[in-house]
Amino acid sequence: MSTVSSHSPVAEPFVFATAQYESGDWDSAPMVSANVIDSIARYTALPVRPQGVVVPLASEAALEYPLLYLTGHLPVRFTVTERRVLTRYLDRGGMLFIDDHNHDVDGAFHKTVREEIRRIAGPLLPLSNAHELYRCFFVFENGPPTTSHEMNGWGDNLVHEQLDAVVREGRIRVLYSNKDYSSEWSFHPDNKRFLSVDNTKFAVNIVVYALTR
Amino acid sequence: MMRTSGVFRRRVEQGCRTLAFLLLAIAASLVWGARRDADADRRVPPAVFAASGADSLDMLRALVIQSSVDPRTIAAPMIPKAVPSAPIRAALGSIQRAKIFSRGLLWRDGTGARGGALSVDPLEGPTAGVQVRTALPESTAFLLLRDAGGVLDSMAMPTASRVQVWQLQASSRSLAAQWSGATASQDLGGERPSLANRVRLFAAPGWESKFVMAALEERGWRVDARLSVTDRAAVTVGNPDALDPARYAVVIVLDSAGIPDGALQSFVRRGGGVVFGGDGVRTLAARALTGVRSTSRIAGIPGGLLTSRPRTGLERWDVDVPRAVRLEGESARGAVYALRVGQGRVIVSAYRESWRWRLLGTDDGLDAHRDWWAALAEAALPTATSPVAADPLPGDAAPYADWVAQIGAPVETVGASSAGPSSMPDGSTRTLVAWPWPLAWLPWLVGVAFLALLIEWASRRLRGEP
């Protein structure tokens with residue numbers, strides 16, 4: 001038994017974790033992590049670690065991060081170990097946020113990752129735009145904010161009105177987006193000053209929801 | 001023939017005179033008797049008692065002592081200024097039913113209470129609210145609705161409608177309506193009062209607060225919390241209320257975020273339960289309530305979460321709680337303590353970041369974490385110090401009606417004699433008896449005597465006699 005001397009209450013900082021999986025390109029949006037962390041520090045008083053972490057889904061270490069971000073363009077096929085860890089992660093209350101970097105409902109990532117989630121956690125169903133996710137910090141009256149990539153003809157050329165989710169016991173376990181927030185949020189945080197409206201505010205809601213529900 | 005007729009007429013006149021004098025004599029004797037009774041009543045002034053409780057008990061004692069000396073003195077009506085409490089009503093009802101006094105217990109209504117009705121029905125749905133209906137007499141100006149936690153609503157009654165219907169949230173299973181000196185209450189029943197599984201959480205947003213809430217909710221507790229995300233913005237979980245043992249069974253403190261000054265101490269001393277967990281043991285509130293001292297953190301044993309003693313894998317504060325009972329911990333300083341403060345109970349759990357047990361523990365970790373937090377909350381639950389009989393005094397739902405049922409209708413309503421009959425809660429009319437029974441014949445006696453004298457006088461004058 002070792003003793004850690006400390007006399008001040010230690011606030012446990014939030015750590016933004018990106019899920020690493022063996023198939024596909026898990027690291028296709030490397031700036032998202034820094035940008036989300038910047039927004040949390042900018043808009044909230046939540047303690048946050050300045051650097052995010054990358055966690056292999058095949059490792060039990062994933063269970064130390066109750067919110068995981070997963071993205072990619074390419075087909076996803078989880079390994080047996082990744083499926084086992086992810087099943088355990090979701091059963092125990094972890095929340096997985098998946099964003100389709102293609103924003104293409106005919107894309108390989110969309111089809112394969114949804115199939116994987118269906119096998120692990122059940123089907124993804126549309127999440128009501130009145131869900132508290134859209135009101136827990138910033139208010140998004142019309143549900144998930146539209147991305148510029150939905151408007152510019154890239155991908156499936158659709159504006160997706162809703163996100164999908166797997167909900168258990170009243171809590172979102174898997175949040176799935178076709179809106180390509182990975183492209184929308186993947187820029188250096190310093191460049192926010194050039195935006196009239198910060199498009200990463202919805203990321204704050206996801207983190208606040210994960211920390212409070 | 002004329003002479004025979006004249007004799008008969010004089011005999012009739014004589015008979016009328018005799019009847020009149022006889023009736024007047026009877027009337028005089030009744031008046032004399034009533035006056036004697038009135039003198040007796042005046043010797044014992046009406047028993048006026050102000051309210052329920054000790055005053056009423058004293059008055060009951062005085063009545064019983066007096067009546068045992070001279071049972072006639074009980075003829076003086078009592079004038080309660082409020083509907084007596086249930087024990088007093090029951091005691092007086094027993095005296096009445098035992099027919100100890102020939103005239104029974106009489107009372108004048110000085111309560112100012114007016115009949116009305118209250119009905120409370122639980123609403124289906126996640127809000128767990130109630131629908132309340134009241135039907136009140138026209139004279140009602142103001143209505144107050146309470147539950148065990150205090151005033152829920154109050155309203156000035158509009159003159160147009162005496163029936164009100166509204167929906168609201170009540171924490172306790174018993175509601176009472178008060179108006180014009182009267183009270184009606186209704187118990188919603190149910191096997192478990194809703195407050196018995198309501199928890200208030202004080203914590204900052206984080207994995208510990210999230211998974212403590214989840215564990216408790218998954219074990220059937222209702223958790224209310226306000227988790228501050230910034231100085232001015234917070235995420236509200238449930239429907240947080242002011243701290244009150246009537247609204248919350250247990251308060252859980254995981255850190256210093258949002259603890260109201262002094263309210264926690266008051267909550268515990270009035271019978272609430274508090275769990276200080278993790279960094280909550282370092283708060284000023286914990287120190288003020290329990291005297292807990294925490295000096296340093298003790299790291300968990302690596303891999304401990306995967307053993308048969310998973311809490312050894314959790315980091316914890318090195319705490320000492322003087323005068324507390326140690327519930328867990330093998331070293332000189334324990335990890336979980338319990339102590340009684342005032343009427344409430346406080347649990348101190350030194351384990352930090354228990355959510356790791358849920359996520360990183362063995363296959364049983366999820367359920368074990370839920371059970372652990374449910375057990376901590378239950379350990380802090382206030383318990384009754386003596387068994388409480390189920391509804392020993394059923395008349396409390398409608399005290400005025402019970403009072404009338406016990407000893408009968410009042411002989412008079414004080415201050416309302418001239419207002420005529422007044423409506424009772426059941427719609428019947430209250431009869432105001434002004435005189436004792438024999439004097440009720442007095443007008444008839446005098447009237448018949450006067451009629452007899454009139455006939456005698458008319459007959460005599462028609463005969464030409466003076």
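Residue numbers start from 1 in every chain, and the chains themselves are labelled A, B, ... in the order their sequence lines are given, proteins ahead of strands. Below, each value reflects all heavy atoms present in this structure, side chains not excepted, and no hydrogens, waters or symmetry copies.
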Between [options], the one whose heavy-atom pairs under 4.5 Å with chain A are most numerous:
| options | value |
| --- | --- |
| B/H369, B/E208, B/E217, B/M213 | B/E217 |
| B/A225, B/A204, B/G206, B/G304 | B/G206 |
| B/L359, B/D363, B/T230 | B/L359 |

Task: Which of A/V208, A/T44, A/V204, A/D91 touches chain B most, by non-hydrogen pairs under 4.5 Å - done: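 Highest number of heavy-atom pairs under 4.5 Å: A/T44.
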Side chain / backbone / both / neither for [X] at chain A, heavy atoms under 4.5 Å:
| X | value |
| --- | --- |
| B/R232 | neither |
| B/A214 | both |
| B/R358 | both |

Of the backbone (N, CA, C, O) and the side chain (C-beta and beyond), which part of [X] lies under 4.5 Å from a heavy atom of chain B, both, or neither?
| X | result |
| --- | --- |
| A/E60 | backbone |
| A/R135 | neither |
| A/A61 | neither |
| A/E64 | both |

Task: Residue that, paired with A/Y176, satisfies side chain to side chain contact (heavy atoms under 4.5 Å, CB included) out of A/L163, A/I117, A/V113 - done: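 Checked A/L163, A/I117, A/V113 against A/Y176; only one passes side chain to side chain contact (heavy atoms under 4.5 Å, CB included): A/V113.
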TODO: Run through B/V275, B/V251, B/I252 and flag the one making a side chain to side chain contact (heavy atoms under 4.5 Å, CB included) with B/L201.
DONE: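 Of the listed residues B/V275, B/V251, B/I252, the side chain to side chain contact (heavy atoms under 4.5 Å, CB included) partner of B/L201 is B/I252.
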Open item on the list: Just verifying a value: how many Å separate A/H131 NE2 and A/C136 SG, rounded to the nearest 0.5 Å?
Closed with: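 The distance works out to 9.5 Å.
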Task: Pairwise side-chain contact, B/N197 with B/R222, heavy-atom cut-off 4.5 Å (strictly under) - done: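 In contact.
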Open item on the list: Can you confirm whether B/V235 sits close enough to B/V229 that some side-chain heavy atom of one is under 4.5 Å from a side-chain heavy atom of the other?
Closed with: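 When only atoms from C-beta onward are counted, B/V229 and B/V235 do touch, with a gap below 4.5 Å.
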- [ ] Examine B/Y248 together with B/F267 and report whether their ring centres are nearer than 6.0 Å.
- [x]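 Between B/F267 and B/Y248, which both carry aromatic rings, the centre distance is not below 6.0 Å.
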Task: Distance flag, aromatic centroids of A/F140 and A/F202, threshold under 6.0 Å - done: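 When the ring centroids of A/F202 and A/F140 are compared, they turn out to be within the sub-6.0 Å range.
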Task: Geometric class of the B/F211/B/W207 ring pair [parallel <30°, tilted 30-60°, perpendicular >60°] - done: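 Correct class here is tilted.
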